[in-house]
Amino acid sequence: MAERPNILFIMSDDHAAHAMSCYGSRVNHTPNLDRIADEGVRFDNCFCTNSICTPSRATILSGTYNHINGATTLDTPMDNRLLTFPKLLQGAGYRTAVFGKWHLGEGAAHCPTGFDDWAVLPGQGFYHNPQFIFNGPDGGTMRTVKGYVTDIITDMCLDWLEARDHEQPFCLLYHHKAPHRPWYSDEAHAGMFLDGDLPEPATLQDDYRNRSRAAAAAEMRVGVHMSPTDLKCEIPVDLPEDELRAWAYQRYMKDYLRVVASIDDNVGRVLDYLDAEGLAENTLVIYTSDQGFFLGDHGWYDKRFMYEESLRMPFIARYPREIQPGTVNRDMALNVDFAPLFLDLAGVPIPDTFQGRSLRPLLQGHTPPDWREAMYYRYWMHRAHHNVYAHYGIRTHGYKLICYYNDALGQPGAIDTPYEMEWELFDLREDPAEMRNVYADPAYAGVVRELTDEMHRLQAEVGDARHPADVM
Ligand code: CA
């Protein structure tokens, strides 16, 4: 039997693909992350099924959609009795650990399970001198660790790798807090981007015309809906909105990119360690983020919407035994597929209850003929944060159909103010920036019918229920 591969699963929080140079970033360089893509594969169409922390993380661990695993919102922590890939790998003889961001709840019912060792941040955690919850009885014990969070999490991983039993394959979840809001840099990167301005995204001054009401209602505009903590200074009150957006974008994005630079350096330390220990050949290294993020796109920061910048996850993978260096994959991969991939690679049977599909053939460069051509998305937290409306939708390679059903439906944290349902259709080939809703355009009537049917079919396939007013 072939030696089982090690798994190093690196996940950051809110790191958009368009802030990585291997994805063609216009604003920064990430040489260490690029190494993974150069020596492995870059996925260009990897998407999350619900663009916020807790739900995406629960999907990744359990291989199921949120209506199945129960973690639909930020206020529905994951039940740690759920079957997850770390539990299955641990049961199959892997040494398992998680260090860093968890954000799936705390205490005995929600702390990490399926891990031999762990230390996680409570909630969002702090950038400087963070508290960690360490593995222990009744959900663990908390103590403060001095230093910068990205360095500390990396040190924990390196220490754990160094001390591990070399006879056992490992599965290490190396999960950064960064670059989540409020984007506090460390000293080492504070001097970056001091000179000159960063290029602005083309849609920074989006006026939200030709879209549903949800876009204009969202309270996540750069500058307008930011706090002095976000921008590390007082916010001018007398600037017209376009000037305020342009000014705040520079401050916001520079902080964000400084925080990303620390991730890049630290990932480099870990890649160097794998090289030095002779582990590079037999370790699957993945870098991803729990969802995407708006980097001034549509005038926004944050995520939640099914729009491209938020929906897309960076996903790069290196495993020299099975992945050709420098390859690019454009098939549709989802966060629900990660757990099946890890199990497949470890030779562990994938439970029937898991809803994703192993990405392994895609890593190897072979797309199965029946691979998906469409994906299903749902954001449940109606108006709870940034006044983003509840919606679900379908994305194919050419189109995106979004149904803003605008209803809390009793979801924890969601606000019970239902609005009339609205729809958006984007022709992604003609309008990749999603600036023109063509739902009502008669030329697209056939596409609307087809996609609506396909969305309802996908919804039924994954076991979700449509909104009662969605009767088309
Ligand atoms: Ca996140």
Side-chain angles (χ1 to χ4, degrees), residues 9-20 23 33 46-62 65-66 69 71-78 98-106 110 112 120-127 130 149-150 153 173-184 218-220 222 225-226 229-230 252-253 255-257 259-260 262-264 267 286-298 300-316 334-336 338 377-381 384-386 388 413:
F9 180 50
I10 314 171
M11 182 159 69
S12 54
D13 192 346
D14 295 1
H15 188 182
H18 52 312
M20 290 167 66
Y23 279 99
L33 300 179
C46 183
F47 302 120
C48 60
T49 49
N50 182 356
S51 185
I52 34 174
C53 296
T54 305
S56 182
R57 288 157 195 271
T59 288
I60 288 168
L61 286 168
S62 70
Y65 287 79
N66 296 133
N69 60 47
T72 46
T73 73
L74 296 177
D75 297 329
T76 47
M78 190 181 80
V98 58
F99 296 106
K101 181 80 178 269
W102 176 247
H103 206 195
L104 289 159
E106 287 146 38
H110 307 293
V120 296
L121 297 161
Q124 299 286 6
F126 298 123
Y127 274 105
V149 70
T150 307
I153 293 167
L173 276 54
Y174 168 30
H175 286 185
H176 285 296
K177 172 207 167 50
H180 192 281
R181 195 183 186 189
W183 318 295
Y184 282 122
E219 294 172 0
M220 48 200 239
V222 171
H225 302 112
M226 281 176 156
T229 304
D230 290 328
Y252 151 55
M253 193 47 34
D255 278 337
Y256 181 92
L257 297 176
V259 169
V260 166
S262 170
I263 295 178
D264 186 69
V267 168
I286 284 174
Y287 182 87
T288 187
S289 173
D290 55 353
Q291 11 62 212
F293 213 68
F294 295 106
L295 307 179
D297 316 285
H298 298 290
W300 290 336
Y301 67 104
D302 210 71
K303 56 253 184 180
R304 296 166 216 277
F305 273 90
M306 197 191 169
Y307 294 151
E308 290 293 272
E309 296 85 354
S310 156
L311 181 70
R312 177 169 287 107
M313 307 167 81
F315 189 90
I316 49 178
L334 304 178
N335 55 355
V336 74
F338 298 179
Y377 178 89
R378 183 162 187 173
Y379 176 75
W380 302 73
M381 296 193 82
H385 298 281
H386 300 282
V388 175

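Both counts, for ligands and for their atoms, begin at 1 and track the order of listing.
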- Item | the Ca ion (ligand 1) to nearest N/O/S of C53 less than 3.0 Å |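 Yes, within the cut-off.
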- Task: Could you confirm whether S289 has any N/O/S atom lying under 3.0 Å from the Ca ion (ligand 1)?
- Result: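 No N, O or S atom of S289 is closer than 3.0 Å to the Ca ion (ligand 1), so no.
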- Message: Parallel, tilted or perpendicular, judged at 30° and 60°: which one describes the rings of F338 and F315?
- Response: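 Rings of F338 and F315: tilted, 30 to 60°.
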- Mind checking whether Y127 and Y184 have parallel, tilted or perpendicular rings, split at 30° and 60°? perpendicular
- Message: For A218 versus W300, what's the shortest heavy-atom pair and its separation?
- Response: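 So the two residues come closest at CB-CZ2, 4.0 Å.
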[X]: which N/O/S atom is nearest the Ca ion (ligand 1)?
X	answer
D14	OD1
D13	OD1
D290	OD2

- Using the side-chain contact (heavy atoms from CB on, under 4.5 Å) rule, pick out the option among T288, L61, D290, I60 that qualifies with N335. I60
- Message: In the structure I gave you, are the side-chain heavy atoms of Y301 and Y256 within less than 4.5 Å of one another anywhere?
- Response: no
